[in-house]
Amino acid sequence: MKTGDVLVVGAGIFGVTAALELRARGCRVALMDPGPLPHPLAASTDVSKVVRMEYGGDEAYMALMEAAREGWLAWNEAWTAEGLGPLYHETGVLMMRRAPMTPGSFEDESLRMLERRGHTPERIGAERLRRRFPAWSTGRYVDGFFHAKGGYAESGRVVAALLAEADRSGVRLLEGPRMSGLAEEGGRVTGVRDDAGAVHRAGEVVVAAGAWTGKLLGLAPAIRATGHPVFHLRPANPALFEAERFPTFTADVARTGYYGFPRNRDGVVKVANHGIGVRL
């Protein structure tokens, strides 16, 4: 079966946004995913993901995120008009360290790059941290900064909203087929094969399959997917963890891997760790 000019495999955040952009550029697009949509095992089907500009001294990444933030704000306007409300929450981003910031550290490089590009982050010491963000009351974190431009997205709800937009825009949603490999003719990719043996043909194929990419493309030895711990906590004192008192944060992240979010609409505070992970 011929699915269109472009077949996108994987309907997570990368797949659905690729499909939307290709459709906006005039392509006929099909988006394949085994479903259900949003897929419950996709990395982007989550309660929250950080949206931040701070990536150490990487100016190119910060420039990308400055543009991305404008996109998030525009999406918020559209979602609010549709009755979904904002799905990107600009809580600001708090980055703290257990030791004073030093030149070359991730937080110091991030701070310098923000200032270099005209942003106005606020330096936060131990006493100011305790007074302004009282849940951080142990005194363990002594230096860092707060940047008001950033926060988090309700990522699972975002993907659901974008899938609905893709459907309205004419992207063909192929929910059910599970890709088993690429279809090739004469050394060129001509589509994909599914588990039932059917070939879905397309002029171009975009694979955005997340943790399944290595397996589907025969690159498992070179592409390693890892899992990382996530904690969902229901605080005894919810007021301490509202966004204005407990913004999206990183906690000495270059050393510990810990980051987290304010209390969400379901009353949950999510804290996660990004480290070497466990191979899936």
Side-chain angles (χ1 to χ4, degrees), residues 12-13 40 42-56 61-62 65 68-69 72 76 86-99 101 105-111 114 121-159 226-278:
I13 190 62
S44 48
T45 307
D46 197 350
V47 296
S48 56
K49 296 291 184 186
V50 178
V51 177
R52 60 182 166 94
M53 298 181 189
E54 298 80 12
Y55 284 86
Y61 214 119
M62 185 174 289
M65 291 308 299
R69 175 178 170 270
W72 282 110
N76 263 357
L87 299 178
Y88 163 61
H89 301 277
E90 193 147 273
T91 66
V93 176
L94 176 68
M95 288 191 158
M96 296 301 299
R97 280 173 54 89
R98 294 181 180 180
M101 287 194 290
S105 66
F106 179 76
E107 291 81 4
D108 187 71
E109 291 292 305
S110 296
L111 178 65
L114 284 170
E122 176 188 353
R123 191 73 175 263
I124 302 285
E127 179 59 23
R128 187 168 184 80
L129 178 68
R130 184 188 65 79
R131 286 188 284 105
R132 183 166 176 185
F133 307 115
W136 293 74
S137 60
T138 65
R140 181 174 297 179
Y141 294 87
V142 301
D143 198 8
F145 65 89
F146 173 75
H147 185 210
K149 294 181 180 179
Y152 74 94
E154 297 182 63
S155 52
R157 288 186 169 96
V158 167
V159 174
T226 58
H228 302 262
V230 176
F231 306 91
H232 289 177
L233 311 171
R234 196 174 296 278
N237 185 352
L240 284 176
F241 297 91
E242 299 296 339
E244 62 272 12
R245 307 181 80 193
F246 193 78
T248 304
F249 71 89
T250 65
D252 212 353
V253 68
R255 298 184 184 186
T256 71
Y258 277 102
Y259 63 97
F261 305 83
R263 181 173 176 265
N264 66 15
R265 70 169 76 196
D266 299 316
V268 170
V269 173
K270 173 185 164 184
V271 177
N273 181 268
H274 186 82
I276 60 172
V278 175

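Quick note: residue numbers are just sequence positions, from 1. Just the heavy atoms: all of them, side chains too, but no hydrogens, waters or symmetry mates, feed the values below. Fair warning: this is a prediction, and the values are worked out from it, not measured in the lab.
Residues passing the side-chain hydrogen bond (donor to acceptor under 3.5 Å, both in side chains) test with Y258: none are found, sequence neighbours excluded. With sequence neighbours excluded, the residues forming a salt bridge (Lys or Arg N to Asp or Glu O under 4.0 Å) with R69 are E90, listed by chain and number. Among residues two or more places apart in sequence or in another chain, the salt bridge (Lys or Arg N to Asp or Glu O under 4.0 Å) test is passed with R132 by E122. In this view, N264 satisfies the side-chain hydrogen bond (donor to acceptor under 3.5 Å, both in side chains) rule with no residue, not counting sequence neighbours. Shown here are the side-chain hydrogen bond (donor to acceptor under 3.5 Å, both in side chains) partners of D108, two or more places apart in sequence or in another chain: R112. Residues passing the salt bridge (Lys or Arg N to Asp or Glu O under 4.0 Å) test with R255: none are found, sequence neighbours excluded. Looking at residues two or more places apart in sequence or on another chain, you find a ring pair (Phe, Tyr, Trp, His ring centres under 6.0 Å) between F133 and F146. Every residue meeting the ring pair (Phe, Tyr, Trp, His ring centres under 6.0 Å) condition with Y88, not counting sequence neighbours, appears here in chain and number order: W72. Remark: T226 engages H228 in a side-chain hydrogen bond (donor to acceptor under 3.5 Å, both in side chains) (not counting sequence neighbours).
Rounded to the nearest 0.5 angstrom, Y141 OH and R98 CZ are separated by 4.0 Å.
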Distance-only donor-acceptor hits, side chain of residues 230-248, under 3.5 Å, sequence neighbours excluded:
unit_1, atom_1, unit_2, atom_2, d
R234, NH1, D266, O, 3.1
N237, OD1, A239, N, 3.4
E242, OE2, R263, NH1, 2.7
T248, OG1, T91, OG1, 2.9

Please table the atom pairs, donor to acceptor, closer than 3.5 Å between any side-chain atom in residues 148-156 and protein atoms at least two apart or in another chain.
unit_1, atom_1, unit_2, atom_2, d
E154, OE1, R157, NH1, 3.0
E154, OE1, R265, NE, 2.8
E154, OE1, R265, NH2, 3.1
E154, OE2, H89, NE2, 2.6
E154, OE2, R265, NH2, 2.8
S155, OG, S44, O, 3.2
S155, OG, D46, O, 3.1

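Looking at R123 and D143, a side-chain N of the basic residue comes within less than 4.0 Å of a carboxylate O on the acidic one, giving a salt bridge.
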